[in-house]
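Below is one structure; the comments refer to it alone.
Because only heavy atoms are used, hydrogens play no part in the values below, and waters and symmetry mates are left out as well, while side chains stay in. Letters A, B, ... are given to chains in the order of the sequence lines, protein chains preceding strands, and every chain is numbered from 1.
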Amino acid sequence: AQSVAQPEDQVNVAEGNPLTVKCTYSVSGNPYLFWYVQYPNRGLQFLLKYITGDNLVKGSYGFEAEFNKSQTSFHLKKPSALVSDSALYFCAVRDIHRGTYKYIFGTGTRLKVLA
Amino acid sequence: SAVISQKPSRDICQRGTSLTIQCQVDSQVTMMFWYRQQPGQSLTLIATANQGSEATYESGFVIDKFPISRPNLTFSTLTVSNMSPEDSSIYLCSAHRRGGDEQFFGPGTRLTVL
C-alpha cells in the first residue's frame, strides 16, 4: 500500500530564512505526490504536485518541492519564509484503489514562521 | 481548479440526532470524497461518493452511520446518523476532475455533538 510520512510535527523558522518541510513516501510503481496547505478554519489548498518530469516542482505562493527517488523523499521548500506561511502542511500520495483513485495523507506538519 | 462549497459551515447538535452535510461543486467532476479531520490532525477518508451508485466506504466506516448520496456529477451529501460526542469533528468534501491529478477541497463543516 502507498503511504507518506511527515517526520516533524512542527517546524519553526525565522521570517526571511529558507524553510523545509519533510515528506518521505513508500509506493509501488511511479508515485503521484502532492502538497497541500491548510490555514486555520479553512479547507485544504493545493500547492503543488509531482507526477513525472523535472525533479524540482514549482507551485503556489513561491513554494517548491524536490522529488528524490533514491531517498524516496518529496520535501517542500521555500527560499524565504513569510509570517503568512504559518499553517498546517500535508503531504499526500495518490493510490489506485478498487479501480479508482484514493489519496493518502501524511500526519501533517505545523509550520510556524517567527517575525 | 474547482470551487467547492459546503453547508452548513458549522453546527452544534444533540446526541442521537442526525445531520446532513451538503457539498456542491461548480463544475462536473469525476470523483467526490468525504473526509473527517480532528482540528489540527490529519485527514481520514470516510468514503468515495459514486455518482448513481452506492458509496465506497473505508474500513471502520459503514453506510448505516454515514449514508452518502451523489445524485449527479456536482452534488453530494453526507449524513452523520445517531450522533454521539465522538462524532465531533470537521467533515471535508473534496473532488477530483477528470484529466486532473489533484483534489480540491471544500471549506469544511465543523460539527460539535453535545
Under 4.5 Å from any heavy atom of chain B, what part of [X] do you find: side chain, backbone, both or neither?
X         : value
Gln45(A)  : neither
Tyr103(A) : both
Leu44(A)  : both
Phe105(A) : both

Determine, using the 4.5 Å side-chain heavy-atom cutoff (strictly less than), whether [X] and [Y] are members of one ILVMFWY cluster.
X        : Y        : result
Val62(B) : Phe66(B) : no
Phe90(A) : Val57(A) : no
Phe34(A) : Tyr89(A) : no
Leu78(B) : Ile12(B) : no
Leu88(A) : Leu76(A) : no

Would you give the length of the straight line joining atom OG1 of Thr52(A) to atom CG of Asp101(B), rounded to the nearest 0.5 angstrom?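 Between Thr52(A) OG1 and Asp101(B) CG, I get 11.0 Å after rounding to 0.5 Å.
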Separation of Tyr36(A) OH from Ser94(B) OG (nearest 0.5 Å):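 Interatomic distance, Ser94(B) OG to Tyr36(A) OH, rounded to 0.5 Å: 7.5 Å.
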Please check if the number of heavy atoms outside Gln28(B) that lie under 6.0 Å from its CD is greater than 12.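 Result for CD/Gln28(B): open.
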Is the number of heavy atoms from other residues, nucleotides or ligands within 6.0 Å of NZ (Lys65(B)) greater than 12?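 Yes, because the 6.0 Å sphere around NZ of Lys65(B) holds more than 12 heavy atoms from other groups.
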Please determine, among Gln37(B), Arg110(B), Arg10(B), the option with the most heavy-atom pairs under 4.5 Å with chain A.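 Most heavy-atom pairs within the cutoff with chain A belong to Gln37(B).
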I'd like to know which of Gly108(B), Gly40(B), Pro39(B) tops the heavy-atom pair count under 4.5 Å against chain A.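 Between Gly108(B), Gly40(B), Pro39(B), the count favours Gly40(B).
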Are Gln41(B) and Thr107(A) side-chain neighbours, meaning at least one heavy-atom pair lies under 4.5 Å?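 Answer no - side chains too far apart.
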Less than 4.5 Å apart, side chain to side chain, heavy atoms only: is that true for Thr48(B) and Lys102(A)?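 No, their side chains stay 4.5 Å or more apart.
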At a 4.5 Å cut-off on heavy atoms, which part of Gln6(B) comes close to chain A: side chain, backbone, both, or neither?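 Answer is neither: Gln6(B) stays 4.5 Å or more from chain A.
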Check ion pair Glu102(B)-Arg94(A) (N to O, under 4.0 angstrom):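 Not counted as a salt bridge, because no side-chain N and carboxylate O are separated by less than 4.0 Å.
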For the interface with chain B, which of Lys49(A), Gln6(A), Arg110(A), Arg42(A) has the highest count of heavy-atom pairs at distances below 4.5 Å?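 The option with the most such pairs is Lys49(A).
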